[in-house]
Amino acid sequence: MSSLMACGQNSNDYGGSSGAEEDFLMPTEAELQAEELSPNQLTNICKAGMSAATGAGINSMRTDTDQADMVRISYVRDDGRPFAYDCRLEGHVVRTRMIDEAGPGTGPGNWSGNGSKATYRLENADVTIDTVFIDGSVDSETFRF
């Protein structure tokens with residue numbers, strides 16, 4: 001399976017202005033290099049990316065892969081509120097969008113990429129998510145599957 005480059009969105013559509021301070025959020029050529037992933041690897045990367053973004057535990061997430069290059073992730077927050085997201089990969093960049101963010105039945109929101117860029121690294125059974133924020137700070141978190 002190769003990484004997704006479509007799903008109805010331009011792969012360079014990161015929203016916001018294209019000012020110099022946001023240029024580092026654009027994927028580099030190396031980050032856009034696709035690698036062959038198994039469906040299980042895609043699911044694990046998406047779960048790790050979502051956990052890094054939201055703090056939800058990977059074991060609390062349910063996944064559905066009805067499209068070859070996209071994963072639907074759902075979980076219930078500690079306060080009982082359910083959430084659902086789509087996840088796709090553009091090379092090594094993890095992109096997500098919330099489902100029904102504006103209320104039930106409103107459908108998918110915008111793809112992530114405004115204010116931060118999340119990339120993944122695979123090493124054996126580990127997935128590391130590196131999130132670079134617009135201020136230049138970086139968070140790294142490693143998940144074992």
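A salt bridge does not link Arg81 with Asp79: every distance from a Lys NZ or Arg NE/NH1/NH2 to an Asp or Glu carboxylate oxygen is 4.0 Å or more. Contact check on Glu123 versus Arg121 returns no salt bridge, with no Lys/Arg side-chain nitrogen under 4.0 Å from an Asp/Glu carboxylate oxygen.
Taking OG1 from Thr63 and CG from Asn40, the interatomic distance works out to 9.0 Å, rounded to the nearest 0.5 Å. Remark: Thr106 OG1 to Met98 CE distance equals 9.5 Å, nearest 0.5 Å. Here the straight-line distance linking atom CG of Leu89 with atom CG of Leu37 works out to 6.5 Å at 0.5 Å rounding.
Counting heavy atoms from C-beta outward, Val94 and Cys87 have side chains that approach closer than 4.5 Å. Here the side chains of Arg88 and Trp111 are in contact, with some heavy-atom distance below 4.5 Å. Put simply, the side chain of Thr142 does not reach to within 4.5 Å of the side chain of Val127, judged on heavy atoms. The side-chain heavy atoms of Tyr120 and Thr128, taken from C-beta on, include no pair separated by under 4.5 Å. Using a 4.5 Å heavy-atom cutoff, the side chains of Ile99 and Pro108 are in contact.
Side-chain N/O atoms of Asp135 and Ser137 include a donor and acceptor closer than 3.5 Å.
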Please tabulate, for side-chain N and O atoms in residues 49-62, each donor-acceptor pair with protein atoms closer than 3.5 Å (sequence neighbours left out).
| unit_1 | atom_1 | unit_2 | atom_2 | d |
| --- | --- | --- | --- | --- |
| Ser51 | OG | Ala56 | O | 2.6 |
| Thr54 | OG1 | Met50 | O | 2.8 |
| Thr54 | OG1 | Ala56 | N | 3.2 |
| Ser60 | OG | Gly57 | O | 2.7 |

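The nearest pair of heavy atoms linking Lys47 to Ile73 is N-CD1, 3.9 Å. A pairwise comparison of heavy atoms in Thr131 and Ser116 identifies CG2-CB, 4.0 Å as the closest pair.
Under the 3.5 Å distance criterion, the side-chain polar atoms of Asp130 are left unmatched by any main-chain donor or acceptor of Thr119.
Take Phe83 and apply the ring-ring contact (aromatic ring centres under 6.0 Å, His included) test, not counting sequence neighbours, and it matches Tyr75.
Among Gln67, Arg95, Arg72, the one residue that satisfies the side chain to side chain donor-acceptor pair (under 3.5 Å) test with Asp86 is Arg72.
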